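In this text the structure is predicted, and so the values were computed from the model without any measurement.
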Amino acid sequence: MPPLTVTHHFDVPAERVFDSWLDAALIGRWMFGPTVREERVVRLSLDPKVGGRFSFVVDRHGQRVDHVGEYLEIDRPNRLVFTWGIAGESTSRVTVALAGDATGCDLTLAHELAPEWADYADRTEAGWRFMMGTLDRELHPSDGCLHPFGNDAVRMERLLPGPIERVWEFLVDPDKRALWLAGGPMETRLGGAVELQFRHADLSAKTAPIPERYKGMEHGHVLRGVVTQLDPPRRLGFTWGLGAQASEVSFELIPQGTLVRLVLTHAKLADDEERRSVTGGWHTHVDTLQDRLQGHEPEAFWTRHAAIEAMYRQREHNG
C-alpha cells in the first residue's frame, strides 16, 4: 500500500520544528500525554543518532503501551527517518521532510504502514494531523495566559524565578502550596492521595469580599485527587476530583537559565463552562505564585480574579 501522507505549514524556522522530534520533554507535550489523548506518560527515552533507538511508554486505561523505533536518517533540519511500532509487533517507517521558506517551513510526513495495519490507515493519518496541530501550538511563544489546547484542555506557560527545586517545593509542600493555591497533604508517589484545602481569603494579607456566586467556598473548600504523574523536580500531575468524571492537572518545570518555565495543563474538561471556570482560577493562582516567588505580597485573590475573568470574557468576545 502507498504511504499515507500528512502536510503542515509552520510559521517558525525548520530547525525548531525538526528539534521538537528529538526532544523528550517536547514529545511529552505534543505527541503523547493527557493533552493529546487519554493516557499518562510513563517514560520517554531516546538516543538521537543514526542507529539510536527510542522508547515512548504510556499508560492507556491501565495498559502500558511501548512505542519503539530506530533512527535511520538524521539530517537537521531537512529530513528525519525512523522506524515506528509497538514493542513485540511489526514495525513501519516514518519519513519527516522539512522545507524552509520565507514564512517558516512546510513539513511532509510519509508513514509506510505494514500491510497488516492497512485497516488503521485512516485513524493513523487523523492522529498525525491532530499531532501536527498540537506541535504547532507548542512551538509558539507564550503570553502567560491560558489558551485552549486540544479538544478538552487549557494550557499556560509562565516564566518564574528559579531555581527549579524551589518552584517544585511550592507544588508539593503543603505549607508553601497554601501560599498560592491550597494547602493539604499530598502523597508524592504514583497513585498517592491528594487533598487540596482551599482557603482563598488566606492567599493574601489584603482582603476583598467573595463574589456571590462563590459564596459556597467562603469558609473553605476541599478537593481530592490522585497523583498521576511524578518526576521530581520536573513533572507533577494529579486528577482534579475522583471518579470517571475527574479532570487532570499537570505541571512541567523546565529550567531556563536562572528562570523556570512552568507549563500548566488542565485536561479532560467536560465543557466550555468548566473551561471558563478553571481558566480564571488558574491564572489568578499562578499570578499569586509568581508574586510569592518574587517576594511580593499578592493582591487579594477575589479582586484579581474578577479582573482576570473580565479579561478572558473580553478575549472570548473578540474571538
Parallel, tilted or perpendicular: rings of W240 and F198 (30°, 60°): perpendicular
Least distance between heavy atoms, V41 atom then G28 atom: CG2-O, 4.5 Å
Under 3.5 Å: donor-acceptor pair, side chain of E297, backbone of A205: yes
Nearest non-hydrogen partners of L190 and L230, listed with the distance: CD2-N, 3.8 Å
All salt bridge (Lys or Arg N to Asp or Glu O under 4.0 Å) counterparts of R313, not counting sequence neighbours: none
Euclidean distance, T288 OG1 relative to F170 CZ, rounded to 0.5 Å: 11.5 Å
In one Ile/Leu/Val/Met/Phe/Trp/Tyr side-chain cluster, 4.5 Å: V68, L46: no
Sidechain-backbone polar pair: T134 side chain, M131 backbone, donor-acceptor under 3.5 Å: yes
same_hphob_cluster(L289, L259) at 4.5 Å side-chain heavy-atom cutoff: no
hydrophobic_cluster_shared for V42 and I86, side chain cutoff 4.5 Å: no
Intermediate values then yes/no, side-chain contact (heavy atoms from CB on, under 4.5 Å), V154 and F149: CA-CA 5 Å; V154 291; F149 189 70; 5.9 Å; no
Aromatic contact, F10 with H8 (centres under 6.0 Å): yes
Near-ring test H219/H200, centroid separation under 6.0 angstrom: no
Lys/Arg N to Asp/Glu carboxylate O, R76 vs E15, below 4.0 Å: no
Donor-acceptor pair, side chain of T265 and main chain of S250, under 3.5 angstrom: no
Evaluation steps, side-chain contact (heavy atoms from CB on, under 4.5 Å), between L293 and Q290: CA-CA 5 Å; L293 291 168; Q290 190 157 6; 5.9 Å; no
Separation between CD of E125 and OG1 of T5, rounded to the nearest 0.5 Å: 8.0 Å
Pairs where residues 178-191 contributes a residue and the test side chain to side chain donor-acceptor pair (under 3.5 Å) is met, not counting sequence neighbours: E187-R189
Residue list, salt bridge (Lys or Arg N to Asp or Glu O under 4.0 Å) with R64, at least two apart or on another chain: none
Reported CG-to-CG distance for the pair D19 and L139, which is rounded to 0.5 angstrom: 10.0 Å
Separation of L72 CG from F82 CZ (nearest 0.5 Å): 9.5 Å
Pairs where residues 231-242 contributes a residue and the test salt bridge (Lys or Arg N to Asp or Glu O under 4.0 Å) is met, not counting sequence neighbours: R235-E252
Pairwise side-chain contact, W117 with S90, heavy-atom cut-off 4.5 Å (strictly under): yes
Carboxylate-amine/guanidinium contact D152 R275, below 4.0 Å: no
Heavy-atom closest pair, residues A267 and A153: CA-CB, 3.6 Å
Hydrophobic cluster (4.5 angstrom, side-chain heavy atoms) - remaining members for I254: V263
Salt bridge (Lys or Arg N to Asp or Glu O under 4.0 Å) pairs, two or more places apart, involving residues 237-249: E248-K268
Minimum heavy-atom distance between L44 and V57, given as atom pair plus value: CD2-N, 4.4 Å
R37 (side chain) donor-acceptor with M31 (main chain) under 3.5 angstrom: yes
Intermediate values then yes/no, side-chain contact (heavy atoms from CB on, under 4.5 Å), H147 and R155: CA-CA 5 Å; H147 297 276; R155 182 175 163 201; 6.0 Å; no
W128-F130 co-clustered via ILVMFWY side chain contacts under 4.5 Å: yes
Side-chain ion pair, R304 and D291, N-O less than 4.0 Å: yes
Test of ring centre spacing under 6.0 Å for F251 and W282: yes
Step-by-step side-chain contact (heavy atoms from CB on, under 4.5 Å) determination, V226 to V194: CA-CA 5 Å; V226 176; V194 178; 6.0 Å; no
Q63 atom CD, over 12 foreign heavy atoms within 6.0 Å: no
Summary of side chain to side chain donor-acceptor pair (under 3.5 Å) pairs that have at least one residue in residues 167-177, sequence neighbours excluded: none
Pairs touching residues 212-230 that satisfy salt bridge (Lys or Arg N to Asp or Glu O under 4.0 Å), sequence neighbours left out: E195-R224, R213-E309, K215-E218
Salt bridge (Lys or Arg N to Asp or Glu O under 4.0 Å) contacts touching residues 103-114 (sequence neighbours left out): R93-E112
S247-H266 side chain donor-acceptor pair, cut-off 3.5 Å: yes
Separation of Y312 OH from C145 SG (nearest 0.5 Å): 4.0 Å
Backbone N/O of L98 and side chain of R79: donor-acceptor pair under 3.5 Å: no
hydrophobic_cluster_shared for F18 and V50, side chain cutoff 4.5 Å: yes
Residues in ring-ring contact (aromatic ring centres under 6.0 Å, His included) contact with H67, at least two apart in sequence or another chain: F32, W84
Flag if over 12 foreign heavy atoms under 6.0 Å of CD, E273: no
With D11 via salt bridge (Lys or Arg N to Asp or Glu O under 4.0 Å) - residues at least two apart: none
Check: T83 side chain, E70 main-chain N or O, donor-acceptor pair, under 3.5 Å: yes
side-chain hydrogen bond (donor to acceptor under 3.5 Å, both in side chains) assessment of T124 paired with H111: CA-CA 9 Å; T124 302; H111 193 159; 5.7 Å; no
Shortest non-hydrogen contact between L135 and S20, atoms and distance: CD1-OG, 3.3 Å
Under 3.5 Å donor-acceptor, S204 side chain and P298 backbone: yes
Test item: side-chain donor near acceptor, Q229 and R40, under 3.5 Å: no
Remaining members of hydrophobic cluster (4.5 Å side-chain criterion), M217: L203, I210, Y214, F301, W302
Closest non-hydrogen atom pair, C105 against H9: O-ND1, 3.2 Å
Separation of L196 CG from L181 CG (nearest 0.5 Å): 6.0 Å
Donor-acceptor contact present, side-chain R261 to main-chain L159, <3.5 Å: no
Within 6.0 angstrom of D122 CG, more than 12 heavy atoms from elsewhere: no
